[in-house]
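We use all heavy atoms of the structure for the numbers below, so side chains are in, but hydrogens, waters and symmetry mates are not. Numbers here are sequence positions counted from 1.
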Amino acid sequence: MYRIYLGNEQRQRFKQFFRRLEIPANTIILREGEIAEQAYYIESGCLRSCVITEDKDITFEFFFENEIASIIESFETCNPSSFTLESIEHCIIHTISREDFKTLIATLRELEVPRKVDGYIFRALMHYQNLLLSRIKDSPKKRYLKLLKHYPKIWGRVPKYYIASYLGIDTALLDEIHGQIIKSSN
């Protein structure tokens, strides 16, 4: 996840590189096995990266407003994606192609964008590492509290089964944990 806030002048300057799209809820933007040719700046809405098989649907990451979403490993290496990228809500996104992204990076040396992109890639890898470690060492309640700290409004926006799959639990346990937290905060 990488948040980026642009002033009006910067937005106008970069506008030529992006294409605005409206995406309905529950739309697959990139399927596992495809190559990520685009990155997305989220103006409004929510996306998730996930793995979907016949018997499982596991969410690995959520992306919200003012964040850049992509399956960065595929976008950078041109290798097939290991993940699916899907909209959870109706989204307004701004897409940029890999080639336009490289052109934009080359023209933005003064904003240290290349260093920021490297930081984004590093944070994506750290996110996956932390997710794995959290599943090994943290209780489901602790994982849920960490998620709420990072995304305080997630409960009202994201379906419970996506949250549960991200946490590695079922929806019944998620309801129980959520109820305990609500009860203890009253």
Side-chain angles (χ1 to χ4, degrees), residues 1-6 10-11 14-52 57-105 108 111 113-132 134 146-159 161-167:
M1 168 252 338
Y2 182 59
R3 290 192 171 123
I4 186 164
Y5 299 94
L6 301 174
Q10 290 173 322
R11 244 181 279 158
F14 305 154
K15 198 175 190 175
Q16 66 180 335
F17 293 102
F18 290 88
R19 187 170 52 112
R20 184 179 187 272
L21 293 175
E22 291 199 33
I23 306 291
N26 306 311
T27 299
I28 292 179
I29 298 168
L30 178 75
R31 292 185 189 283
E32 180 180 349
E34 295 177 344
I35 295 173
E37 301 288 345
Q38 305 281 321
Y40 310 94
Y41 174 78
I42 304 170
E43 181 180 322
S44 65
C46 177
L47 304 175
R48 72 181 183 123
S49 65
C50 57
V51 173
I52 303 170
D57 182 328
I58 301 169
T59 300
F60 282 88
E61 192 165 7
F62 297 103
F63 303 92
F64 291 94
E65 288 83 3
N66 299 313
E67 292 181 352
I68 294 174
S70 185
I71 306 303
I72 196 69
E73 304 84 13
S74 176
F75 186 73
E76 281 292 311
T77 65
C78 298
N79 289 327
S81 174
S82 299
F83 301 96
T84 293
L85 189 62
E86 178 183 31
S87 64
I88 294 175
E89 301 174 324
H90 174 268
C91 295
I92 298 174
I93 60 176
H94 300 266
T95 69
I96 186 168
S97 70
R98 182 183 301 105
E99 295 311 310
D100 282 346
F101 185 75
K102 287 178 181 178
T103 301
L104 183 62
I105 294 290
L108 296 176
L111 295 179
V113 170
R115 191 169 56 93
K116 291 177 182 179
V117 171
D118 288 345
Y120 172 71
I121 294 167
F122 178 76
R123 281 189 297 282
L125 294 173
M126 289 301 300
H127 171 78
Y128 298 136
Q129 178 182 339
N130 290 336
L131 183 61
L132 175 64
S134 183
K146 283 180 180 180
L147 181 66
L148 287 179
K149 183 178 179 183
H150 197 69
Y151 296 118
K153 296 179 182 178
I154 197 169
W155 187 259
R157 295 183 64 183
V158 174
Y161 52 89
Y162 290 156
I163 296 171
S165 77
Y166 176 83
L167 297 171

Under 3.5 Å, side chain of [X] to main-chain N/O of [Y], donor-acceptor pair present?
X     : Y      : answer
Thr59 : Ser165 : no
Thr27 : Ser87  : no
Ser97 : Glu37  : no
Arg20 : Ile92  : no
Ser74 : Ala36  : yes

Value rounded to 0.5 Å, distance of [atom1] in [X] from [atom2] in [Y]:
X      : Y     : atom1 : atom2 : answer
Ser70  : Gln38 : OG    : CD    : 9.0 Å
Ser44  : Glu89 : OG    : CD    : 8.5 Å
Phe17  : Glu99 : CZ    : CD    : 12.5 Å
Leu47  : Ile28 : CG    : CD1   : 12.0 Å
Lys153 : Cys46 : NZ    : SG    : 13.5 Å
Ser49  : Ile58 : OG    : CD1   : 11.5 Å

Sequence neighbours left out, what pairs pass salt bridge (charged side-chain N to carboxylate O under 4.0 Å, His left out) with at least one residue falling in residues 77-88?
Arg48-Glu86
Mind checking whether Phe75 and Phe101 have parallel, tilted or perpendicular rings, split at 30° and 60°?
perpendicular
Do Glu32 and Ile52 come close enough that some side-chain heavy atom pair is under 4.5 Å?
no
Can you check whether Ser82 reaches Ile71 side chain to side chain, under 4.5 Å on heavy atoms?
no
Could you check whether Arg157 pairs with Glu65 (Lys NZ or Arg NE/NH1/NH2 to Asp/Glu carboxylate O, under 4.0 Å)?
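Yes, charged N to carboxylate O under 4.0 Å.
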Can you confirm if the aromatic rings of Phe62 and Tyr166 lie within a centre distance of less than 6.0 Å?
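Yes.
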Hey, which of Ile96, Ile29, Ile68 is the one that makes side chain to side chain contact (heavy atoms under 4.5 Å, CB included) with Tyr40?
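For Tyr40, the side chain to side chain contact (heavy atoms under 4.5 Å, CB included) check succeeds only for Ile29.
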Give me the one residue out of Tyr162, Phe64, Phe63 that meets ring pair (Phe, Tyr, Trp, His ring centres under 6.0 Å) with Tyr151.
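Of the listed options, the one satisfying the test is Phe64.
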Step through the shown structure and confirm whether more than 12 heavy atoms of other residues, nucleotides or ligands are within 6.0 Å of CZ on Arg31.
no
Considering residues at least two apart in sequence or located in another chain, which fulfil the side-chain contact (heavy atoms from CB on, under 4.5 Å) criterion with Ser134?
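Here the qualifying residues are Asp138, Arg143, Lys146.
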Counterpart residues, side-chain contact (heavy atoms from CB on, under 4.5 Å), relative to Leu21 (two or more places apart):
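Residues passing side-chain contact (heavy atoms from CB on, under 4.5 Å) with Leu21: Arg19, Ile23, Ile93, Thr95.
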